[in-house]
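Just so we're clear, the structure is a prediction, and the values are computed from it rather than from any experiment.
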Amino acid sequence: MKNDGDRQPQELDLVAERLVALREALGMKSAHFADVIGVDRSSYSKIESGKKPLLPPVALKIWKLFGVDMNFIYLGQIRGLPESLSSTVTQKLTKRS
């Protein structure tokens with residue numbers, strides 16, 4: 001089993017894209033989102049740029065706060081999004097592709 005330090009760069013980039021799309025769909029700036037989920041702003045910036053992995057405890061906090069399933073964050077499964085965010089996040093991800 002891989003630990004978070006073993007994640008491939010592409011996986012980090014995909015998680016980063018999903019987080020950016022989610023944050024934007026929520027109408028939040030990066031710094032505010034980092035504060036809300038309890039992550040240092042500098043560290044969160046590295047997560048959003050694909051330079052640092054999003055650790056499972058933080059993903060769990062995002063799930064609890066915003067109802068966003070970790071299957072969306074890590075695997076990109078749209079059904080892991082609340083209905084209220086699904087179309088907006090999907091549009092944002094499509095524009096990035």
**OP:** Show the numbers, then the answer: is there a side-chain contact (heavy atoms from CB on, under 4.5 Å) between Leu93 and Glu17?
**Re:** CA-CA 7 Å; Leu93 287 171; Glu17 286 179 18; 4.3 Å; yes

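Summarising the geometry of Met70 relative to Ala59, their closest heavy-atom pair is SD-CB, 3.5 Å, with the distance given to 0.1 Å. Taking all atoms of both residues into account, the shortest heavy-atom contact from Ile78 to Ser86 is CG2-OG, 3.4 Å. The two residues Ala25 and Val89 have their closest heavy-atom pair at CB-CG2, 3.6 Å.
To the nearest 0.5 Å, atoms CZ (Phe66) and OG (Ser84) are separated by 11.5 Å. To the nearest 0.5 Å, the span separating CG on Leu55 from CD1 on Ile47 amounts to 6.5 Å. Put simply, CD1 on Ile62 and CZ on Phe72 are 10.0 Å apart, with the number rounded to the nearest 0.5 Å. Distance CG/Leu22 to CG/Leu81: 7.0 Å, rounded to 0.5 Å. One finds the OG atom of Ser45 at 10.5 Å from the NZ atom of Lys52 (value rounded to the nearest 0.5 Å). The CZ atom of Arg18 lies 9.0 Å from the CD atom of Gln77; values are rounded to the nearest 0.5 Å.
In this structure, Leu85 is a member of the same hydrophobic cluster as Ile73, with clusters built from ILVMFWY side-chain heavy atoms closer than 4.5 Å. There is a path of hydrophobic side-chain contacts, each under 4.5 Å, that joins Tyr44 to Val15.
Under the 4.0 Å criterion applied to side-chain N and carboxylate O atoms, Glu48 and Arg23 are assigned as salt-bridge partners.
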Acceptor/donor pairs from residues 31-42 side chains to any protein atom, 3.5 angstrom cut, sequence neighbours excluded:
| residue | atom | partner | partner atom | Å |
| --- | --- | --- | --- | --- |
| Asp35 | OD1 | Arg41 | NE | 3.1 |
| Asp35 | OD2 | Arg41 | NE | 3.3 |
| Asp35 | OD2 | Arg41 | NH2 | 2.5 |
| Asp40 | OD2 | Ser42 | N | 3.1 |
| Asp40 | OD2 | Ser43 | N | 3.1 |

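Side chain of Tyr74 to backbone of Glu11: no donor-acceptor contact under 3.5 angstrom is found.
Applying the side chain to side chain donor-acceptor pair (under 3.5 Å) test to pairs two or more places apart or on separate chains, none has a residue in residues 54-68.
When side chains are defined from C-beta on, Val68 counts as touching Pro82, because their heavy atoms get closer than 4.5 Å.
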